[in-house]
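Working notes for the structure below.
Since the model is a prediction, treat every value here as computed from it, not as a measurement.
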Amino acid sequence: MSEIWRPSAQRIAASNLTRFIDCVNTRLGLSLQGYQDLYAWSVARPEQFWTELARFADVRAEWGQGPVIEHPRRMPGARFFPEARLNFAENLLRFRDEHLAVVFTNERGARRTLSFRQLHEEVARVAAGLRDAGVGVGDRVAGYLPNLPETLIAMLATSSLGATWSSCSPDFGVHGVLDRFGQIEPKVLFTADGYFYSGKTLDSLTPIGTVAQKLPSVQRIVVIPYVAERPELGGLGAAASRAALWTDFGTPGAPLAFTPVPFNQPLYILYSSGTTGTPKCIVHGVGGTLLQHQKEHLLHVDVKRPDRIFYFTTCGWMMWNWLASALATGATLILYDGNPFSPDPGVLWRMAEHERVTVFGTSAKYLAALEKNGYAPAGKVELGSLKTILSTGSPLLPEGFDFVYRSIKQDVHLASISGGTDIVSCFALGCPILPVHRGELQCRGLGMRVEIFSDQGEPLRGERGELVCTAPFPSMPVAFWNDPDGARYRAAYFERFPGVWHHGDFAELTEHGGIVIHGRSDAVLNPGGVRIGTAEIYSSVDSLEEIVESVAVGQEWQADVRVVLFVRLKPGVTLDEPLKKKIRGAIRTNASPRHVPAKIIAVADIPRTRSGKITEIAVREVIHGRPVKNVDALANPQALEHFRNLPELAR
């Protein structure tokens with residue numbers, strides 16, 4: 001892959017990463033030179049690396065006298081900092097001054113700000129309310145919330161008490177909420193009265209009233225006014241008797257105390273997408289989440305106190321949790337709520353200009369949609385403050401790299417990052433002192449012994465295989481909820497290669513030490529026994545002007561598998577033979593003849609998860625007449641109907 005951007009010598013010298021290398025060399029008498037040396041040391045001496053990182057990040061903790069890693073060769077089973085005691089909120093609220101902590105905007109043009117001092121005071125007030133409601137170490141508190149400052153405050157108040165936070169966005173239906181919160185039995189539930197999306201005002205109180213009837217564990221419901229100044233709690237129905245308004249909850253002026261908890265104390269419960277069954281409840285610990293996020297923010301993204309960091313996310317995606325941790329650096333979080341294309345494709349970029357965003361985070365899908373809409377921020381807004389663009393959610397195709405440097409900004413660090421809910425962080429991501437190569441994630445994360453394995457479990461380089469991690473790391477899940485013997489946890493990650501984390505990405509390690517991800521392993525196509533990643537098909541097809549988006553699956557056919565490509569076309573475009581020929585030609589030229597689909601079929605819509613990922617597995621199940629196990633996990637479940645009983649697939 002060709003080099004597409006290189007940081008200046010000045011930028012390299014001023015980076016946190018360069019400073020960290022200097023600190024490590026001085027303190028330990030090493031002579032590490034550059035990123036590859038640092039990475040090799042971080043995986044060879046993990047006990048040194050994570051200790052030095054905690055020192056560099058000034059993590060507030062009582063570390064104890066025990067080992068840094070207990071059972072360092074067990075996977076799962078290793079324990080980091082087993083004697084440590086710390087509090088997550090204390091680390092995120094270390095600043096208490098007038099520097100802006102949060103700027104909130106939405107699609108209607110609303111804007112609010114909170115300084116670190118104001119954030120501290122609001123967290124203290126809400127923590128007092130939670131304490132009065134009986135919330136303590138180990139209790140669960142849940143949020144059914146838009147991306148509001150109050151969501152952040154409720155999470156910090158929860159973690160200050162040593163309790164566990166879990167959230168999902170308000171576009172989840174009643175069944176989707178019960179599938180998640182019903183498993184973890186929260187004691188307190190936060191909700192807004194509603195939310196805004198695509199110019200519409202949507203109600204949250206009625207669905208939460210229904211949810212509350214089936215969640216007897218919920219003793220208090222706290223309603224945040226968002227669409228109305230003072231909402232009517234009667235909208236909750238019978239649950240109104242358990243409810244209070246946000247403004248009436250807690251004790252103004254209360255002191256904020258931080259409860260120290262063990263390193264592995266549950267901090268967050270996140271959820272798998274749920275497209276293959278009831279969502280798995282993935283429990284992440286206080287210390288592992290904090291250390292991993294501090295590493296990624298400080299060293300891989302180069303976040304500093306003057307930065308203003310934005311990530312387009314809902315509270316149902318792990319990137320919300322990831323963004324929240326940037327408070328520990330003292331940077332300003334920019335929160336946005338609403339449709340990123342409402343009222344037009346420029347809404348987030350005008351916000352980025354107005355708020356002087358320095359780190360802009362989004363998804364590969366959003367960047368592709370922006371290009372399809374013909375919107376080029378470079379010609380319309382001034383992005384002088386912007387230094388880094390982050391992209392995740394699905395592989396950023398090489399054409400996506402081209403679009404960023406052509407149509408957004410030439411001198412910008414573009415970091416395609418990849419990890420997931422399972423690790424609440426990244427396996428591969430950006431590096432501020434390395435060049436960017438077209439189509440590549442720049443590097444493996446520090447302290448993450450990431451390899452590419454063949455089907456036989458042999459390490460590969462320059463060849464495609466399974467992305468694995470062969471040594472423990474702090475942000476491995478503490479457990480799955482309601483999995484007392486750990487059987488479901490082990491089955492999820494350690495069955496394929498015993499003692500090795502199998503992540504489920506089909507990828508390759510490049511000559512530069514970067515990673516190229518070719519798609520999810522469970523969506524890999526296998527015609528004639530040859531494994532093909534779907535990302536290469538999308539790279540060829542989605543760049544065509546006639547195509548809005550596409551999904552490729554393998555159809556079982558005549559004792560083999562054939563590739564079937566479904567395309568959603570631009571309005572007014574017809575899938576005729578010339579267009580099919582053009583699609584096949586693009587795939588043959590840019591990928592290989594093996595990638596060329598046996599069938600190309602137009603559909604009106606393509607199913608995706610609530611975080612915007614196209615779900616190949618759901619399409620594959622439908623075309624084979626098999627049930628999709630959890631339709632509630634989809635943002636647009638009605639799209640599945642376009643794939644049922646298609647006559648083209650019977651011949």
(request) Mind checking the OG1-CE spacing from T421 to M319? Nearest 0.5 Å is all I need. (result) 10.0 Å

(request) Could you tell me whether R60 and E90 have a side-chain N and a carboxylate O separated by less than 4.0 Å? (result) no

(message) I want to check something: taking the side chain as every heavy atom from C-beta on, are V68 and Q48 in contact at a cut-off of under 4.5 Å?
(response) no

(request) Taking all non-hydrogen atoms of both residues into account, name the closest pair between F172 and Y144 and its distance. (result) O-OH, 3.0 Å

(request) Check G445 against L429 and note the closest heavy-atom contact, atom names and distance. (result) CA-CD2, 3.5 Å

(message) Any side-chain to backbone donor/acceptor pair from T164 onto P266? Under 3.5 Å, distance only.
(response) yes

(request) Could you pull out the closest heavy-atom pair between A127 and S160, with the gap in Å? (result) CB-OG, 3.7 Å

(request) Would you check if the side chain of N25 reaches a backbone N or O of L32 as a donor-acceptor pair within less than 3.5 Å? (result) yes

(request) Using modelled atom types only, decide if a donor and an acceptor are shared between the side chain of Q183 and the backbone of D179 within a distance under 3.5 Å. (result) yes

(message) Can you tell whether the side chains of K387 and D307 come within less than 4.0 Å, N to carboxylate O?
(response) yes

(request) Look at the rings of Y493 and F480 and say which category their plane angle falls in: under 30° parallel, 30 to 60° tilted, over 60° perpendicular. (result) perpendicular

(request) Keeping the roles fixed (side chain from R55, backbone from T51), state whether a donor-acceptor pair exists under 3.5 Å. (result) no

(message) Could you tell me if the side chain of L386 sits less than 4.5 Å from the side chain of F310, heavy atoms only?
(response) no

(request) Identify whether the distance between the nearest side-chain nitrogen and carboxylate oxygen of R220 and D132 falls below 4.0 Å. (result) no

(request) Mind checking the CG-OG1 spacing from L178 to T210? Nearest 0.5 Å is all I need. (result) 9.0 Å

(request) Could you walk me through whether Y226 and D337 pass the side chain to side chain donor-acceptor pair (under 3.5 Å) test, one step at a time? (result) CA-CA 11 Å; Y226 184 33; D337 188 61; 3.1 Å; yes

(request) Please report the shortest heavy-atom distance between C168 and F181, naming the atom on each side. (result) SG-CZ, 3.7 Å

(message) Can you confirm whether R242 sits close enough to L189 that some side-chain heavy atom of one is under 4.5 Å from a side-chain heavy atom of the other?
(response) no

(message) Tell me if a side-chain donor or acceptor on R308 pairs with a main-chain N or O of E355 at a distance below 3.5 Å.
(response) yes

(request) Would you check if the side chain of R94 reaches a backbone N or O of D58 as a donor-acceptor pair within less than 3.5 Å? (result) yes

(request) Measure from the side-chain N and O atoms of E296 to the backbone N and O of C426, and report whether any donor-acceptor pair falls under 3.5 Å. (result) yes

(request) Starting from the C-alpha separation in whole Å, work towards a yes-or-no answer on side chain to side chain donor-acceptor pair (under 3.5 Å) for S425 and S475. (result) CA-CA 8 Å; S425 59; S475 67; 3.2 Å; yes

(message) Nearest 0.5 angstrom please: Q292 CD to L446 CG, how far?
(response) 9.5 Å

(message) Could you tell me if the side chain of L348 sits less than 4.5 Å from the side chain of T362, heavy atoms only?
(response) no

(request) Flag the pair R117 and E121 as a salt bridge only when some basic side-chain nitrogen lies within less than 4.0 angstrom of an acidic carboxylate oxygen. (result) yes

(message) A side-chain contact here means heavy atoms from C-beta on lying under 4.5 Å apart; do V218 and P186 qualify?
(response) yes

(request) Please determine which of W50, F427, F49 meets the ring-ring contact (aromatic ring centres under 6.0 Å, His included) test together with F473. (result) F427

(message) Just to verify, which of V137, N87, L86 counts as forming a side chain to side chain contact (heavy atoms under 4.5 Å, CB included) with Q265?
(response) V137

(message) I'd like to know if the side chain of R449 reaches the main chain of V43, judged simply by a donor and an acceptor atom lying under 3.5 Å from each other, with no hydrogens or angles considered.
(response) yes

(message) Classify the ring geometry of F88 against Y268: parallel below 30°, tilted from 30° to 60°, perpendicular beyond 60°.
(response) perpendicular

(request) Please name the pair of heavy atoms, one in V286 and one in P262, separated by the smallest distance, quoted to 0.1 Å. (result) CB-O, 4.4 Å

(message) Does the plane of the ring in W165 sit parallel, tilted or perpendicular to the ring in F190? Use 30° and 60° as the thresholds.
(response) tilted

(message) With a 4.0 Å cut-off on N to O distance, would you call R45 and E52 a salt bridge?
(response) no

(message) Once rounded to the nearest 0.5 Å, what's the spacing between atom OG1 of T329 and atom CZ of R305?
(response) 8.5 Å

(message) I want to check something: taking the side chain as every heavy atom from C-beta on, are W317 and W322 in contact at a cut-off of under 4.5 Å?
(response) no

(message) With a sphere of 6.0 Å drawn around CD of E70, does it hold more than 12 non-hydrogen atoms of other residues, nucleotides or ligands?
(response) yes

(request) Taking the side chain as every heavy atom from C-beta outward, state whether I153 and L119 have any atom pair closer than 4.5 Å. (result) yes

(message) Would you say NE2 of H354 has more than 12 non-hydrogen atoms from neighbouring residues, nucleotides or ligands within 6.0 angstrom?
(response) no

(request) Can you measure from OG1 (T392) to OH (Y311) and round to the nearest 0.5 angstrom? (result) 5.0 Å

(message) For Y336, is there any backbone N or O sitting under 3.5 Å from a side-chain donor or acceptor partner on N147?
(response) yes

(message) I'd like to know if the side chain of S159 reaches the main chain of M155, judged simply by a donor and an acceptor atom lying under 3.5 Å from each other, with no hydrogens or angles considered.
(response) yes

(message) If I take atom CZ from residue F312 and atom OH from residue Y366, how far apart are they, to the nearest 0.5 angstrom?
(response) 8.5 Å

(message) If I compare all heavy atoms of N16 with all of V303, which pair ends up nearest, and what's the gap?
(response) ND2-O, 3.0 Å

